Amino acid sequence: MVTIGIAITTTAQDTTFKSKHAAIFFPYPMYKEKWRSSIGFTLLTTPEDITEETRIRLPCGDYRLLRKINKHFILDNRLLFQVLQNHISTGIRYIKPITDNLYFSAGDDIGFWFGYLKLSGFNSKATGWLNYSHISLGYKTKKNLLITFKAQVSASLSYQAITGDNKVTIGKNAYNGETFTLAFEQPFYNKKHLTLAFSTINNYFYWQTWALFYKTKRKIFYPQVTVGFIL
């Protein structure tokens, strides 16, 4: 999978930026709005390391909801859904404008995922908790294209899987890997804005592939694309 956001002086140019632009990844304060949301999807490609010759592309619905706390803090909520497996997260982002064009943010999210799989003679389900710490750097071009680079590390807080009568529980805090995202956001149509992001995920375990029941002692690379329409 692939998945990537800063702002400071209050000038006439900055005021125009505040009123005309909306973004989800890009790290600038929500000056006038209290809420902002987007709907879209992510597309993850499984690597040959765990699926051998078969490459599986896993689409996943993606809903984001931002809530303004004050001019420097935002509550970031996200729902990734596939019916059979889903991921819910929430966290706080601190935003610091640097210049009219350069913005920075840092944050931490807690995520919970769950999935179930029922086939003939096969019944399994799994749940887990993850923690994500991240920083973002955003740049606004003269043509109002918002470019964001986001770096994130994750830790697996717990994992539990049940297959028939067999139950596996892992409850230790373990470093899981890192994700780097480059995101582009700009006006699209009828005052709506579009998000396009490319992420490189390098993790020991990725929740969306839990049903493959793979075991490895090394990190695996997942490319991911994210597309979203800001509402």
Side-chain angles (χ1 to χ4, degrees), residues 1-3 24 37-66 75-91 108-134 152-179 181 195 197 199-229:
M1 291 189 187
V2 181
T3 339
I24 295 295
S37 61
S38 74
I39 186 71
F41 64 91
T42 66
L43 186 62
L44 175 77
T45 301
T46 58
E48 294 181 0
D49 302 60
I50 58 176
T51 56
E52 297 180 352
E53 296 181 358
T54 304
R55 303 298 295 274
I56 303 174
R57 289 174 174 80
L58 302 174
C60 185
D62 185 3
Y63 178 70
R64 300 283 295 271
L65 180 64
L66 305 183
L75 184 65
D76 189 349
N77 307 285
R78 189 175 192 179
L79 170 63
L80 296 166
F81 53 95
Q82 284 182 312
V83 180
L84 296 181
Q85 50 192 10
N86 307 277
H87 182 285
I88 303 171
S89 65
T90 186
D108 191 80
D109 303 328
I110 185 74
F112 174 74
W113 64 271
F114 57 95
Y116 62 93
L117 185 63
K118 291 185 178 182
L119 299 173
S120 178
F122 185 81
N123 185 359
S124 64
K125 57 184 178 180
T127 61
W129 289 91
L130 293 160
N131 181 259
Y132 307 94
S133 299
H134 50 85
Q152 173 181 283
V153 295
S154 66
S156 179
L157 305 180
S158 70
Y159 172 89
Q160 177 177 282
I162 300 175
T163 303
D165 296 328
N166 299 319
K167 182 177 180 180
V168 176
T169 301
I170 302 174
K172 64 179 181 179
N173 188 340
Y175 179 75
N176 191 47
E178 56 282 332
T179 298
T181 299
T195 295
S199 300
T200 59
I201 302 171
N202 197 32
N203 285 355
Y204 289 104
F205 169 77
Y206 191 72
W207 68 273
Q208 210 172 335
T209 60
W210 72 272
L212 298 175
F213 296 103
Y214 64 91
K215 293 183 178 180
T216 178
K217 292 184 179 181
R218 60 184 178 83
K219 287 184 283 189
I220 295 177
F221 170 75
Y222 304 88
Q224 177 178 300
V225 175
T226 300
V227 177
F229 297 90

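Everything numeric here is computed off the predicted structure, so don't read it as measured data.
Looking at Val227 and Leu43, their side chains never come closer than 4.5 Å, going by heavy atoms from C-beta outward. The closest side-chain heavy-atom distance from Tyr206 to Ile220 is not below 4.5 Å. Put simply, the side chain of Thr200 does not reach to within 4.5 Å of the side chain of Asn202, judged on heavy atoms.
Partners of Tyr63 by ring-ring contact (aromatic ring centres under 6.0 Å, His included), not counting sequence neighbours: none found. Applying the ring-ring contact (aromatic ring centres under 6.0 Å, His included) criterion to His87, with sequence neighbours excluded, gives Tyr132, Trp207.
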- request: Could you go through the side chain to side chain contact (heavy atoms under 4.5 Å, CB included) check for Tyr116 and Val83 one step at a time?
  value: CA-CA 9 Å; Tyr116 62 93; Val83 180; 4.3 Å; yes
- request: Begin from the C-alpha positions of Leu44 and Thr42 and carry the test side chain to side chain contact (heavy atoms under 4.5 Å, CB included) through to its verdict.
  value: CA-CA 7 Å; Leu44 175 77; Thr42 66; 5.8 Å; no
- request: Using the side chain to side chain contact (heavy atoms under 4.5 Å, CB included) rule, take Ser154 and Asn203 through it: C-alpha gap first, then chi angles, then the decisive distance, then the call.
  value: CA-CA 8 Å; Ser154 66; Asn203 285 355; 4.0 Å; yes
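Using a distance-only test at 3.5 Å, with no hydrogens or angles considered, no donor-acceptor pair links the side chain of Gln152 to the main chain of Thr179.
With rounding to the nearest 0.5 angstrom, the OG1 atom of Thr209 is 9.5 Å from the CD1 atom of Ile201. Going from atom CD of Gln82 over to atom CG of Asp62 covers 11.0 Å, rounded to the nearest 0.5 Å. Remark: Leu80 CG to Asn86 CG distance equals 9.0 Å, nearest 0.5 Å. The OH atom of Tyr204 sits 9.0 Å away from atom CG of Asn176, with the distance rounded to the nearest 0.5 Å. Note that CD1 of Ile88 is 5.0 Å distant from CZ of Phe114, once rounded to the nearest 0.5 Å. Summarising the geometry, atom OG1 belonging to Thr90 is positioned 12.0 Å from atom CG belonging to Leu79; distances are rounded to the nearest 0.5 Å.
Of all heavy-atom pairs spanning Ser37 and Leu65, the tightest one is CB-CD1, 3.9 Å. Of all the heavy atoms in Gln208 and Cys60, the pair that sits closest is NE2-CB, 3.6 Å.
Using a 30° and 60° split on the angle between ring planes, Trp113 and Phe205 fall in the tilted class, from 30° to 60°.
Between His134 and the options Asp76, Asp109, Asp108, a side-chain hydrogen bond (donor to acceptor under 3.5 Å, both in side chains) holds for only Asp109.
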